[in-house]
Structure formats: C-alpha cells, structure tokens
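Chain identifiers are assigned alphabetically (A, B, ...) following the order of the sequence lines, protein sequences preceding nucleic acid strands; residue numbering begins at 1 within each chain.
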Amino acid sequence: MSRINGILNLLQGCNSMKRLQKIQAFVIVNGYQDDLAISNKLLSFCAISVSGSLAYAHLLFNQINNPDTAAWNSMIRGLSQSPSPLKAILCYNSMMFEGQSRPDDYTFSFLLKACEKSKAEEKCREAHGSIIRCGYAEDVTVCTNLMRSYSANTSIECAQKVFDRMTQRDLISWNAMISCYSQAGLHDEALKIYDQMRISDLGLDAFTLVSLLSSCAHVGALNFGVHMHKFARQNGFLNNVFVGNALIDMYAKCGNLDGARQVFDGMRRRDVFTWNSMIVGLGVHGHGDEAIQIFQQMLMTGIHPSSVTFLGLLCGCSHQGLVEEGLKYFHMMRSDFSLKPGTKHYGCMVDLYGRAGKLEEALEFIQRSPVGDDPVIWRTLLGACKIHRNVKTGEIGMRNLVRLEALNAGDCVLLAAIYTQAGDKQGAARMRKLIRSQKFKTTPGWSWIEVDDRIHRFVVGDRSHSDTEEIYSELKDVIHRAVLAGYVEEESLTPVSEFTNEQSENSDRYHSEKLAIAFGLARTPEGNCLRIVKNLRVCRDCHSFTKFVSKAFKREIIVRDRVRFHHFKDGSCSCNDYW
DNA sequence: ATAGGGTTAG
C-alpha cells in the first residue's frame, strides 16, 4: 500500500514525459500496472499536463480494458483542450456507446468545453438534455459551462435562460453571464447584468472588472469606467495585468488619452496586450509619432509584437501622414517578425496612401496586393477619394464594389458627395436614384451618450426615450442657436443607413447624434465636455452642426465614430474636416 | 484524481 502511495507521490511531482516513462517502467516491473489509481494518474498526466502527450495518453487509454469514468474524463478533458476539440465529442460518444461507465458532472463540463470550442451547436443542445436526465441541471459549474457553450454557439438567449433558471449563482456564474454578453458585442446588456449583480451582493473581482471595462470601452462609458478604476485601486486590483490592460483600452476608447497613459506608466508588469492597447490608443487618436516611440520601447523590453501592434502603428501613421514610416512598418511585419499582413493591414496601407493624397499609389498598391477582392479595401479607397475630391479614382472604386456585388448605401453616399464637391449635379442625382432603386440592407445608426453613469442610446428620429418631448424641443432650440452662430442646415444626402423603418412624422430627419447632443446639453452642467459614441461615420451635416454647437454653447464635444475621434472645440474639429 | 469566469485587433 505504501508502495502505491509512493508511486502516486512520484507522479504528483512528475514534470516531463521522460520522467513519466521512467516511473511507468518502475510500475510495470513491480506489477502495479493494473492499479486503477496509478493508471488513472498516469493517464491524466499525459492527457492534461502541458508537458504531457495526448498521443501517449491514447496508448495508455487503449490498454485499459474497462475504463472508468475518471479515465474517460481525462481523455475527454485532454482532447477538449487540444487543437481538435471535436475529438473530445467523439470520445464522449464512444463512452456512451460502450455504456460501461456513466458520465458525471465533470464529464459534462469537459464535453461542453469541447462544444464551445468546436462550435458544435447541435451537440450542445443534446448535452443539455443529457445533463437534465442525469440530474446535473442544478450544478453551478455545469450550468456555467452550459451558458458559455450556448453563447459560443450564437444562442445568448439560451445562455440567459440557463442563467435565469439556476437555483444558486456564484461570482463565477455572474462573471460568465457578463462576459457572454460582452463577447457577443452586446455591451449595454453586459452593463445591465452588472446592475442586477449588485443587488445579489456577491461583490466583484478582477474578472468582473475586466469584462465591464471592455464594455465601457465599447459604449464610451467614461464615468462608469472611472468608478471601476477607483474601485480597482481601493481593492488592490491594479496589480492585475488584465485589469491594467482593460483600463488603458477603456480610457483610450473613451477619448481620454492622458488617463490611458497614466495607467500605462504605472504598470509594473506589461504584456503584449498592455503595449498593444497603448499603441492602438495612440494610433486611433492620430498620434502616430508617439505610437512609434512606444513601439520602440516595446522592442527594447523584449516583448514580441503581434499583428495588432502593427494595426495600431499603421493607423497612427496614416492619420498623421507618415507614409514612409507606415511603409517601413508594413514590411517590417513580415521581414522581422514573420507576421503575415491581414486584410486590415492592407486596408491601413490604402488609407495611408489615400489620406496623403497619393491615390495613384493606393490604386497600384491594391492591384499588387492579394486583397483586391475585399470590398473593405475599395471602400477605403472611396473614402480617400472623397477627402481629395478625386472623381476618376472614386469611380474605379465604385466599379469594383459593383463587381464584387458588395455595393451599399454608404458607398453611394460617398460617391454622391464626391460628385457634389466636383460640381457634378447629374452624377449626384444618379447616386440618389441608385440608392432609391436598390433595396440595400442597412445597419441602423446609433449614438450613445453617458449622462450620470447611465448610457442613453438614440437612433434616427428616436421617440422611444421617456423624455422625448423635452429632447425634441431642446433640439429645436439648439439648432436655432447653432444657426445664429453660422450653421447652415444642409439638405445633405441622408445616409440611408440611418433610416429607421417607421417614418415617424418628419422627425426622422434628425440623426441620432443630434438627439444625443441635445440631450447632453440639457442634462449636464454648463461647460462640461460631451462624449458621444456612434456606430457609423459622422455625416457632413452633423459634423458641421457639432462644430457650431461647440462654439455657440462653449462646450467641448468628443465624438467617437466608427473609425476615429473627432474633438470639437470653439467651432473647429481635430480632424480638420478630413475624415 | 479531475471542473466553470478576464484584455487589444475583427
């Protein structure tokens, strides 16, 4: 007996396959190969440990003539964390087929992990049924796994249902629910779950913070993020790299670069995410030179850049007109770090040339690149043609979008704007006609504004807000004062993508950000900065409107649109009207 | 013997 314990202890301290094989030889020589405790321990080491070997685990497993649940679990678990998690599902199937051992709560946890990773939607639902039949429907861990599995299989509703029906919930299951929403891109839902979580009085930990900060970053909830920062400081969470990284990203995405820098400077430990978040933050704010400086520091500390690092660099270079540098980093990706540029990187390059007015080069670059069949690339070129009033290249972009059958309303709006700038009224009229004749699938436009720690969301012609009347009368007043300051309301081509389905009265002529601005002006103290987040790009009329509002009301207004920040102050914008 | 939750870019 003590011999067996001795072997188990040896296995406990095992840290390599070489060592494991020595122990195994000892086991066989001494006739212990049929001891279940020992063979399971051997198996689990091979299947699960980072220094183990799944192939060897298979050999061992096949030698066991009647594997018990523990042995099956080791195999399913090992396979579920392997690069081919589908095999874990097959393994579970054979376990069921042989029918000698019953699955337990662990089995289901590992199976669900495999469903999550291999996107096995059908199997996930089937597992749910088995879980209920086997009596594990009340198990917190199994349910948490079930939620993640459903959510990864695009059924966040099912995840929510599982969560709702749980008889007991702990911190981990709450965190899982929040992260399911934030990873599905449903950030305001994630923040709402936190409101409910507070009532349950379980507190929160670093995991909660990280998910919430990510959601704050996406919706632009700076005030809420600052609360989280304070909480993290008071509770000793600032030493956690994940928390620090999420804070940098939150500050940068909410338009507060200084906040991001301060967190970055104060971090004792930094990983790729830390550096990337800072570089991307500087990049999207147009500080390419600083992004480059940080990048050089990053290399000196010996951290390996990733493809995201270069997205940040290229973005910064393009917004600052650093064409040579951008080109240098684009090549450096492959030559120095063996990173293959993706579509996004090519897009940045087109933007880099295009923004700098080098439209010929941009076009040549596309023709030499492998991404000429990606609509995003041509759309980027079209955007650059608008900035530089280039009809000819714009039409080339348009033709390629038509060729790829990817034309959308926004493209037509862009080309119409190019025609208008060039004085080609017929061209603009053609685009209007095209927009009307096509049944474009459109993304509804949204704007968010944070007032008193709450996110208020508006769509075009929104009347769903509880204070609709007040907001519309405020907006009338704001427009009046903007006009007095020099604003000319444009009969601009309304981006169709901001159309709502119901054409309520004539209020749908107000884009969502105008509503958000009016609401913000009415609900925040004079002189306070307004921060607005949009999911689309700012249209010309709204851009001009916001400039005059910033002057007439003496307010700084920071608008984050789909691709960049606009910093409005005293009647002008940080983008210098190039966007 | 063994489990579940976290960040950038899309």
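- Across the protein-nucleic acid pair, A:Leu314 atom CG and B:dG10 atom P stand 12 Å apart, rounded to whole Å.
- Following rounding to the nearest Å, A:Tyr136 (OH) and B:dT2 (C1') show an atom-to-atom distance of 13 Å.
- In this structure, A:Leu171 reaches the bases: a heavy-atom distance under 4.0 Å links it to at least one base atom across the strands shown.
- Within 4.0 Å of A:Val241, counting heavy atoms only, lies no atom of the nucleic acid at all.
- Put simply, A:Thr343 has no side-chain N or O that comes within less than 4.0 Å of OP1 or OP2 on B:dG10.
- Separating the CZ atom of A:Phe273 from the P atom of B:dG10 is a distance of 14 Å, rounded to the nearest angstrom.
- Dashed line: the shortest gap from a side-chain N or O of A:Arg148 to OP1 or OP2 of B:dA3 is not under 4.0 Å.
- Comparing B:dT8, B:dT2, B:dA3 by their nearest atom to the side chain of A:Asn73 picks out B:dT2.
- Across B:dA3, B:dG4, B:dG6, the shortest atom-to-atom separation from the side chain of A:Tyr106 is found for B:dA3.
- In summary, the side chains of A:Gln160 and A:Asp164 do present a donor paired with an acceptor at a separation below 3.5 Å, with no hydrogens or angles considered.
- Nearest nucleotide to the side chain of A:Thr141, out of B:dT2, B:dA9, B:dG4: B:dG4.
- You'll find that the side chain of A:Val308 is closest to B:dT8, out of B:dG6, B:dG4, B:dT8.
- Distance from the side chain of A:Val142 is smallest for B:dA3 among the nucleotides B:dT8, B:dG4, B:dA3.
- Taking 4.0 angstrom as the limit, A:Gln183 places a side-chain polar atom (N or O) nearer than this to OP1 or OP2 of B:dT7.
- Distances were taken from every side-chain heavy atom of A:Arg77 (C-beta onward) to each of B:dG4, B:dT7, B:dA3; the shortest belongs to B:dA3.
- For the 3.5 Å distance criterion, the side chains of A:Lys123 and A:Asn93 qualify, holding a donor opposite an acceptor.
- For the pair A:Leu311 CG and B:dG10 P, the computed distance is 6 Å after rounding to whole Å.
- Residue A:Asp105 contributes atom CG, which lies 13 Å from atom C1' of B:dA1 at whole-angstrom precision.
- A close approach under 4.0 Å does occur between a side-chain nitrogen or oxygen of A:Lys344 and OP1 or OP2 of B:dG10.
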Quick one, A:Thr69 with A:Met95, criterion side-chain contact (heavy atoms from CB on, under 4.5 Å). Give me CA distance, side-chain angles, the key distance, then yes/no. CA-CA 9 Å; A:Thr69 303; A:Met95 179 186 186; 4.2 Å; yes
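- Counting any heavy atom pair closer than 4.0 Å across all strands shown, A:His345 reaches no nucleic acid atom.
- A:Ser179 has a side-chain polar atom (N or O) that falls below the 4.0 Å cut-off from OP1 or OP2 of B:dG6.
- Not a single side chain to side chain contact (heavy atoms under 4.5 Å, CB included) links A:Asp265 to another residue, sequence neighbours left out.
- One can place CD1 of A:Ile172 at 10 Å from P of B:dG6, the figure rounded to the nearest angstrom.
- Between A:Glu121 and A:Arg125 a salt bridge is recorded (basic side-chain N to carboxylate O distance below 4.0 Å).
- OP1 and OP2 of B:dA1 both lie 4.0 Å or more from every side-chain N or O belonging to A:Gln12.
- Each of B:dT2, B:dT8, B:dT7 was ranked by its minimum atom distance to the side chain of A:Phe110; first place goes to B:dT2.
- Here the side chain of A:Thr144 is nearest to one of B:dT7, B:dG4, B:dA9, namely B:dG4.
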Side-chain donor-acceptor contacts of residues 77-85 of chain A below 3.5 Å, not counting sequence neighbours, with atom names and distances?
residue: A:Ser80; atom: OG; partner: A:Arg77; partner atom: O; Å: 2.8
residue: A:Ser82; atom: OG; partner: A:Leu79; partner atom: O; Å: 2.7
residue: A:Ser82; atom: OG; partner: A:Ser84; partner atom: N; Å: 3.2

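- Distance from the side chain of A:Phe242 is smallest for B:dT7 among the nucleotides B:dG4, B:dT2, B:dT7.
- When distances run from any side-chain atom of A:Asn276 to the nucleotides B:dG4, B:dG6, B:dT8, the shortest one goes to B:dT8.
- Spacing between atom CZ of A:Phe45 and atom P of B:dT2 amounts to 15 Å, rounded to whole angstrom units.
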